[in-house]
Amino acid sequence: MYPIAVNRQYFLAYTVPSEIGDIDRMVDEIHRALDLDPVFLRDRFSKKNDPFEVLKHRLSEEEVDRIRSLSDKSGIYLLPEVYRYYPADNLASQVLGFVGMKDDEYVGRYGIEAFYEKDLQGVSGIASGTRDASGRWITLTRRELTPPEHGDNLLLTIERVIQYEVEKILQESLKLFDADSGTIIVMDPKTGSILALASSPDFNPNEYSKVEDVKFFVNPAVSFTYEPGSIMKPITMAMGINEGKVNPQTEYIDTGVVQEAGYAIRNAEDKVYGRSNMITVLNESINTGMIFVERLVGNERFREYLEQFGFGSKTGIELPAEVGGNLRNLANTSARKSLEFYTASFGQGITVTPLQIVSAFSALANDGVRMKPRIVDRVFSTDGQSREIPPEEVASVISVESAKTIGTMLRDVVVNGHGKRADVPGYLVGGKTGTAQVAKSGEKGYEEGMNIGSFVGYAPLNDPRFVVLVKIDNPKTVTWAESSAAPTFGRVMKFLLKYARIEPTEEVKKIESNSE
């Protein structure tokens, strides 16, 4: 176990102004020792009737040493104080949040610190008794003392090594693709445990006051939604397979366009694929193929499946400010509203959170069973007892056979489709790319020249251990997710399989070299 958020003793510097002799000299010395404004210091030192004036909180070790080395410390004192400290600085900062000031007291803000504020804070001690007019205790009177109670300790599901490596890979990818931001989530599909949850830009919770934009405090994996695009296609395909409406070899004729309610829905780059089976539909990410499946499933059943996969409602993870996404376009399931269902089948017109996507794909990886995402594994109370937060099954969405079938198809996407750069030699990796448009804020339509590249998948397919989502926001050096999110996913999954010491099961094809 690694301590990610602890209490640490600091020192504050304070003054007793009546004890200050030479104000000018002391202003100069403290200015140099603590880098404080001389005007501020002179004001504090001039309050001769005030017995306690704080000069500075949270002194660094160097500042403490400077105060202790003053030639004349008359009127200057150090006092211990305890604050929250984060030994790993930025690591998992948006998961943790921080402890900061609110209404003149320190409380948990954002992240785990806010969600478990009451459990972590404990109870302050109380001393009561009778004082005289000067405020001193009257010795012979009765006093009552209620000792303080420490708060609980939490053991997170986050694996420190995985979190560190995922954050590193994310930062490198954002720089490589000149992207605005990004998110990577790693989940254990069998338990719902979040092993890593990384977003960038992030912040250092030890220096939260230096952050100029509060949006960096918010965890985009649970609080920001987006239209997922083509990573929704395996979910739609799983519905069709589970309903017995299609199988991997089911064919249809793609004309490149579907007309509905006066709109023409086309494939990416206006491509036409002709006679195609469902394997090709996923491999080539054919929009009209998903409409074909959605029609067979039916609008009402399609919406029911989305809800069972967890879309449109919060996952219930132990993090604040979680949102449930938006399925309002699908409220009316009548045939005259089919346009919204057609676009939803390939991930447009509805919004989801990154965590919802990971949760849904975890159901595909876990024989059709969706587990509740969890980020706290155990709670340790002050009496020495511990309480496990057990894995929780939410819903059995599709059958084991349907899950195995969609897994095989996702493997084909990685081998023969647009997911080749997500593969890890020697392992059965399956997944899907998605290059989504960015909806305009407050008006209809999409932003010109902006996109979100995603890849979501799992491995090894014969015994899935990890489900990973990579989301790259507005990459500028590439256009398609197969060139941004897919290779980033490949790096993450390669590390995970090696870290978990999972032996390869597939023969790695060697490429002969003719170079001398």
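Only heavy atoms go into these numbers, but all of them, side chains included; no hydrogens, no water, no symmetry mates.
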Nearest 0.5 Å, what's the [atom1]-[atom2] distance between [X] and [Y]?
| X | Y | atom1 | atom2 | value |
| --- | --- | --- | --- | --- |
| I357 | F309 | CD1 | CZ | 10.5 Å |
| L12 | L79 | CG | CG | 4.5 Å |
| E63 | L55 | CD | CG | 11.5 Å |
| L330 | F311 | CG | CZ | 12.0 Å |
| S483 | H418 | OG | NE2 | 10.5 Å |
| L496 | I502 | CG | CD1 | 8.5 Å |

So, [X] side chain and [Y] main chain: donor-acceptor pair closer than 3.5 Å or not?
| X | Y | value |
| --- | --- | --- |
| Q356 | G324 | yes |
| T433 | E482 | no |
| R374 | E392 | no |
| E294 | G240 | no |
| R411 | L428 | no |
| E447 | Q437 | no |
| R44 | T15 | no |
| Q94 | P201 | yes |
| K233 | M290 | no |
| T157 | I194 | yes |

Check: [Y] and [X] side chains under 4.5 Å, non-hydrogen atoms:
| X | Y | answer |
| --- | --- | --- |
| P373 | V358 | no |
| Y226 | K471 | yes |
| F11 | I67 | no |
| L364 | I398 | yes |
| V95 | N219 | yes |
| H31 | L36 | no |
| I169 | E165 | yes |
| T236 | F302 | yes |

Would you please say whether a donor-acceptor pair under 3.5 Å links the side chains of [X] and [Y]?
| X | Y | answer |
| --- | --- | --- |
| R378 | S386 | yes |
| E113 | Y86 | yes |
| E167 | Q163 | yes |
| T315 | S359 | no |
| T353 | K314 | no |
| D473 | S181 | yes |

Check this for me: [X], atom [atom1], are more than 12 non-hydrogen atoms of other residues, nucleotides or ligands nearer than 6.0 Å?
| X | atom1 | answer |
| --- | --- | --- |
| M101 | CE | yes |
| R58 | CZ | yes |
| E443 | CD | yes |
| E300 | CD | no |
| K476 | NZ | yes |
| E448 | CD | no |
| E105 | CD | yes |

So which heavy atom on [X] is nearest to which on [Y], and how close?
| X | Y | result |
| --- | --- | --- |
| N474 | G449 | OD1-O, 4.0 Å |
| S199 | A221 | OG-N, 4.4 Å |
| G349 | N329 | O-ND2, 2.7 Å |
| F455 | V414 | CZ-CG2, 4.2 Å |
| L282 | M237 | CG-CE, 4.1 Å |
| L170 | T183 | CD1-N, 4.1 Å |

Check the pair E318 / L154 against side chain to side chain contact (heavy atoms under 4.5 Å, CB included), numbers first and verdict last. CA-CA 12 Å; E318 309 99 314; L154 305 179; over 6 Å; no
Using the test ring-ring contact (aromatic ring centres under 6.0 Å, His included), find all partners of F495 that sit at least two apart in sequence or belong to another chain. Y499
Please list all pairs passing the salt bridge (Lys or Arg N to Asp or Glu O under 4.0 Å) test where one or both residues lie in residues 452-467, with sequence neighbours left out. K190-D463
Run F361 and L410 through side chain to side chain contact (heavy atoms under 4.5 Å, CB included) and show every step you take. CA-CA 11 Å; F361 269 75; L410 290 175; 4.3 Å; yes
Using side chain to side chain contact (heavy atoms under 4.5 Å, CB included), reason through R84 and Y106 one step at a time and then give a plain yes or no. CA-CA 10 Å; R84 201 59 141 185; Y106 280 96; over 6 Å; no
Should V429 and K494 be marked as a side chain to side chain contact (heavy atoms under 4.5 Å, CB included) after you check the CA-CA gap, both sets of side-chain angles, and the distance that decides it? CA-CA 10 Å; V429 178; K494 181 179 180 180; over 6 Å; no
Apply side chain to side chain donor-acceptor pair (under 3.5 Å) to S402 and N242, showing your working. CA-CA 5 Å; S402 298; N242 199 59; 2.9 Å; yes
Would a line drawn from the ring center of F203 to the ring center of F217 be shorter than 6.0 Å? yes
Name of the residue among Y83, Y10, Y14 meeting side chain to side chain donor-acceptor pair (under 3.5 Å) with H57: Y83
Flag the pair E307 and R303 as a salt bridge only when some basic side-chain nitrogen lies within less than 4.0 angstrom of an acidic carboxylate oxygen. yes
Side-chain ion pair, E401 and K404, N-O less than 4.0 Å: no
Less than 6.0 angstrom from the centroid, inside 45 degrees of the normal: does R160 satisfy that with respect to the ring of Y164? no
